[in-house]
Number of protein chains: 4
Amino acid sequence: MPQQEPVEPVDQWIQEIVKMSDEKMTEKQLRIVQAAVEVFAEKGYASSSTSEIAQKAGVAEGTIFRHYKTKKELLISIVSPMMSKLLAPFVLNEFKEVLETDYPTLEDFLYAVAVNRMNFARKHLKIIKIMLQEIPFQPMLQKEFKQHIGTRVFKRFTEIIEHFKAKGEVVDLPTPALLRFASTAMIGLFITHFLVMPGAPWDEEQEIRHTITLIMNGMAAK
Amino acid sequence: MPQQEPVEPVDQWIQEIVKMSDEKMTEKQLRIVQAAVEVFAEKGYASSSTSEIAQKAGVAEGTIFRHYKTKKELLISIVSPMMSKLLAPFVLNEFKEVLETDYPTLEDFLYAVAVNRMNFARKHLKIIKIMLQEIPFQPMLQKEFKQHIGTRVFKRFTEIIEHFKAKGEVVDLPTPALLRFASTAMIGLFITHFLVMPGAPWDEEQEIRHTITLIMNGMAAK
Amino acid sequence: MPQQEPVEPVDQWIQEIVKMSDEKMTEKQLRIVQAAVEVFAEKGYASSSTSEIAQKAGVAEGTIFRHYKTKKELLISIVSPMMSKLLAPFVLNEFKEVLETDYPTLEDFLYAVAVNRMNFARKHLKIIKIMLQEIPFQPMLQKEFKQHIGTRVFKRFTEIIEHFKAKGEVVDLPTPALLRFASTAMIGLFITHFLVMPGAPWDEEQEIRHTITLIMNGMAAK
Amino acid sequence: MPQQEPVEPVDQWIQEIVKMSDEKMTEKQLRIVQAAVEVFAEKGYASSSTSEIAQKAGVAEGTIFRHYKTKKELLISIVSPMMSKLLAPFVLNEFKEVLETDYPTLEDFLYAVAVNRMNFARKHLKIIKIMLQEIPFQPMLQKEFKQHIGTRVFKRFTEIIEHFKAKGEVVDLPTPALLRFASTAMIGLFITHFLVMPGAPWDEEQEIRHTITLIMNGMAAK
DNA sequence: TATGAATGAGGCTTCATTCAT
DNA sequence: TATGAATGAAGCCTCATTCAT
């Protein structure tokens with residue numbers, strides 16, 4: 001079990017990516033986006049009306065369409081950048097090096113990353129909910145999802161797992177199975193606490209540590 | 001690792017529940033339900049139109065409303081029974097006894113249950129997809145979900161995990177964490193293969209075994 | 001100058017074409033079409049609103065879209081059949097034979113045809129006005145116009161003019177110039193009295209005769 | 001048939017009218033007018049948007065409304081002066097005198113005028129198209145049209161025709177019929193070649209001569 | 001003078017639901 | 001029971017026009 005580690009090192013190399021790149025929005029446009037996030041998250045994209053968004057944003061309905069050609073473009077403009085920002089740290093080239101250089105144990109590293117992403121997710125919970133809801137129905141989001149996950153994040157994680165397998169620290173099971181196991185256990189933690197049981201009290205640090213412990217135990221070479 | 005086991009024993013005690021309780025539907029009504037499942041799964045509930053459902057079912061639009069007062073009632077009538085059927089085996093009182101009586105190892109038992117539920121899910125994939133999509137937006141479904149999971153399935157699983165903890169076979173971590181870990185790893189397997197990567201080829205038996213192995217390793221008392 | 005001739009012979013061979021082929025319309029659909037003709041003719045297609053059409057037709061706005069998928073489809077459904085009906089008599093194969101068989105002089109024949117088409121046009125004046133207004137902006141109507149005029153009516157008229165040229169009765173100028181001259185002089189008569197000066201009193205029979213006389217004089221071999 | 005005549009004489013007495021009276025327009029205003037002509041001609045007035053005009057003109061939308069109070073005023077400002085310029089030569093008081101003084105034959109005169117107006121029309125084709133399209137729907141244009149045609153051009157042409165009738169050179173038919181015949185045959189030539197078949201190759205000089213020949217033949221006292 | 005963000009009325013179209021047949 | 005024409009509310013979007021800068 002890792003000692004309490006400062007999260008900063010991770011944030012150092014993510015910071016320029018994590019920081020919001022939503023530049024130069026007018027104040028009304030910002031209000032539109034915020035209202036859209038609220039309404040989409042509450043009712044789902046298809047059941048949300050632009051008139052309700054406009055009302056909640058305190059602008060005229062026509063103003064929405066001055067900034068976004070269609071309702072769908074408004075959705076995409078919200079969800080699409082979130083997807084890349086959410087996964088950005090896992091795409092970095094230095095990922096593996098940082099992992100070995102800056103952290104005493106794999107668990108430490110995973111914990112740092114998990115906390116960082118958890119904080120990010122908590123901050124953008126509604127957008128992530130919208131993203132999960134709409135990916136099945138929006139081909140454009142599917143495309144972005146596949147590009148990000150399929151060809152970048154997946155590859156990076158695969159490298160890391162095989163690195164540890166080569167070192168004899170990870171059980172000899174197929175890499176895809178290991179990857180799926182680890183990621184769904186972590187994502188499951190996230191979804192359970194943020195989406196399935198949003199009200200339940202929890203000690204985030206403890207929960208993350210337990211989950212990582214279980215994952216590590218599961219994957220450890222016997 | 002368990003030997004190849006016949007799945008039948010599990011089915012024996014689920015059979016009366018798993019068996020369809022779709023009673024006395026007219027042929028047209030059946031066609032409506034089938035069409036609705038197709039369309040809801042493809043476009044999502046809110047983006048589906050009753051006219052498209054009617055057309056695909058080969059009935060007049062009015063006919064739908066003769067059987068279901070509203071579009072939402074049609075949705076509920078499809079999703080609601082599926083939820084209980086999907087979780088039914090985990091609610092049975094004899095669950096724990098069967099587990100200890102009929103199966104040599106815990107892994108054997110989990111494998112049998114997993115295969116059984118996987119087959120069930122494959123058969124009703126579209127409805128499950130609709131269910132997952134609509135639970136966040138349909139209070140009635142949320143209520144049923146909470147009743148089933150929160151007060152019945154959760155309780156049953158908690159009992160079982162604590163049973164094994166008491167026997168010293170499971171690591172001493174909080175039961176909710178263990179439960180979440182095990183279930184999300186299994187559900188993650190399901191969602192990955194059925195929903196995220198529906199086309200990918202896979203050896204179901206192997207995948208289930210690997211996942212259970214990882215879960216068991218993770219939870220095993222060290 | 002021809003004696004007063006009965007118009008019937010011409011009508012005999014056009015009758016089955018001239019007769020309306022608008023079959024099996026519901027009463028509401030008929031009211032929609034009538035209202036649309038009124039409004040389109042008065043304001044022009046682009047400046048007409050479906051809500052005004054619905055109101056004038058005494059139906060709900062949605063009812064229009066039950067019968068016509070779009071506003072443009074409503075326009076096309078009105079104008080397109082009119083174009084072929086208007087030109088139908090000029091396309092008939094027996095045109096030239098009838099001309100030589102049933103009428104003592106070319107003038108008689110032209111007079112009969114002119115009266116027949118004038119009556120038809122008067123009856124459908126508004127639709128013809130819409131047609132003329134919208135052809136420049138509706139590619140589908142342009143296509144139909146080219147097919148009808150370019151490849152059928154033009155060809156028929158060319159044959160007839162060359163027939164009389166061969167008989168030495170028509171001046172030796174290029175056939176297209178003769179055709180254009182004769183047709184625009186006739187169409188000019190129509191447009192002047194029906195569209196440019198709709199209120200002016202006139203003796204239709206006299207006007208037609210004068211115009212034909214002038215056309216014949218103009219084209220006569222000197 | 002007249003010899004090739006210089007067109008200048010006609011232009012001499014039209015020149016001060018034909019010359020553009022577009023005074024003191026800013027460069028932006030000019031660009032707005034040009035863009036409006038393009039867009040109105042292509043899509044029709046009602047289907048054109050001020051935003052498209054502004055974009056094509058390279059100005060802000062608001063700039064249009066600084067120069068023209070409404071969209072309709074922009075239309076009128078374009079079409080209205082064109083109408084008078086197009087018909088100006090036919091309104092001149094000296095018309096008849098010029099006719100008898102400067103040209104050996106009536107045909108010569110008509111040819112000269114036709115060529116002159118044809119050139120003018122070719123130069124302002126789009127505006128004329130807009131004019132023809134919008135007269136039916138714009139009361140203000142109708143008013144101007146009636147004033148120009150009804151009380152001035154019509155009167156002038158009537159005088160000329162009756163002048164030649166008195167001289168025994170024109171057939172004894174009602175003057176309005178003669179006038180309509182001649183004008184629609186000429187206008188028909190114009191519309192056919194410029195609007196109905198804009199792409200077709202043609203020898204303008206020949207076509208005008210043929211048409212005038214046919215008109216003269218038609219109207220000649222027998 | 002010029003801009004362009006903002007407006008809100010109005011346009012076309014969809015759709016769940018009703019009802020006479 | 002089944003139909004499908006009809007409804008009208010509501011949805012998305014366009015657009016001429018205004019106004020603060």
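Residue numbers start from 1 in every chain, and the chains themselves are labelled A, B, ... in the order their sequence lines are given, proteins ahead of strands.
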Exercise for the section: May I ask you to evaluate whether B:T50 reaches the phosphate of E:dA16, defined as a side-chain N or O under 4.0 Å from OP1 or OP2? Expected result: yes
Practice task
Report the nucleotide, chosen from E:dA2, E:dT13, F:dA16, that has the shortest atom-to-atom distance to any side-chain atom of D:T26.
Solution key: E:dA2
Problem - Between E:dA2 (P) and D:Q29 (CD): distance, integer Å - result: 9 Å
Completion exercise
B:E52 CD to E:dC15 P, in whole Å, measures 9 Å
Exercise for the section: Could you check B:K72 against A:E27 and say which one's nearest nucleotide on DNA chain E is further toward the 5' end? Expected result: A:E27
Problem - Length of the line joining A:L75:CG and F:dC12:C1', which is rounded to integer Å - result: 15 Å
Practice task
Quick one: label A:S49 by what it contacts on the DNA or RNA (base, sugar-phosphate, nothing), any heavy atom closer than 4.0 Å.
Solution key: sugar-phosphate
Problem - A:S84 side chain vs A:P81 backbone, donor-acceptor pair below 3.5 Å - result: yes
Practice task
Look at the side chain of B:E61 and decide which nucleotide, out of E:dT3, E:dA16, E:dT13, has an atom nearest to it.
Solution key: E:dA16
Handout entry: Gap between atoms CE and C1', on D:M25 and E:dT1 respectively (whole Å)
Key = 16 Å
Practice task
Take A:S80 and A:E144, measure what side chain to side chain donor-acceptor pair (under 3.5 Å) needs, and give me the verdict at the end.
Solution key: CA-CA 8 Å; A:S80 178; A:E144 293 196 19; 2.6 Å; yes
Completion exercise
Atom NZ of C:K71 and atom C1' of F:dT14 are separated, to the nearest Å, by 12 Å
Exercise for the section: Compare the minimum distances between each of E:dT18, F:dT18, E:dT7 and the side chain of D:F65, then state the nucleotide with the smallest one. Expected result: F:dT18
Completion exercise
The answer to which of C:A60 and D:G62 contacts DNA chain F further toward the 5' end, by nearest nucleotide, is C:A60
Problem - Whole-Å distance separating the CG atom of B:L30 from the C1' atom of F:dT1 - result: 17 Å
Problem - Within 45° cone and under 6.0 Å: B:K71 NZ/CZ vs B:Y45 ring - result: yes
Exercise for the section: Find the distance D:R66:CZ to F:dA16:P and express it as a whole number of Å. Expected result: 18 Å
Completion exercise
Taking F:dA16, F:dC13, E:dA16 as options, the one with an atom nearest any side-chain atom of A:T70 is F:dC13
Fill in the blank from the handout: Ranking D:K28 and C:S48 by the position along DNA chain E of their nearest nucleotide, the one closer to 5' is D:K28
Problem - Spacing of B:I32 atom CD1 relative to F:dA2 atom C1', expressed in whole Å - result: 10 Å
Exercise for the section: Please give the nucleotide sitting opposite E:dG8 as a Watson-Crick or G-U wobble pair, both distances under 3.5 Å, or none. Expected result: F:dC15
Completion exercise
Closest to the 5' end of DNA chain F, once A:K69 and C:H67 are matched to their nearest nucleotides, is C:H67
Exercise for the section: Please work out if D:T63 contacts a base, only the sugar-phosphate, or nothing of the nucleic acid, heavy-atom cut-off 4.0 Å. Expected result: base
Problem - C:E61 side chain to C:T50 side chain, donor-acceptor N/O pair below 3.5 angstrom - result: yes
Fill in the blank from the handout: Under a 3.5 Å limit on both distances, the Watson-Crick or wobble mate of F:dT21 is E:dA2
Exercise for the section: May I ask you to say whether B:E38 pairs ionically with B:K56, meaning some side-chain N is under 4.0 Å from a carboxylate O? Expected result: no
Exercise for the section: Could you tell me whether B:K126 and B:E42 have a side-chain N and a carboxylate O separated by less than 4.0 Å? Expected result: no
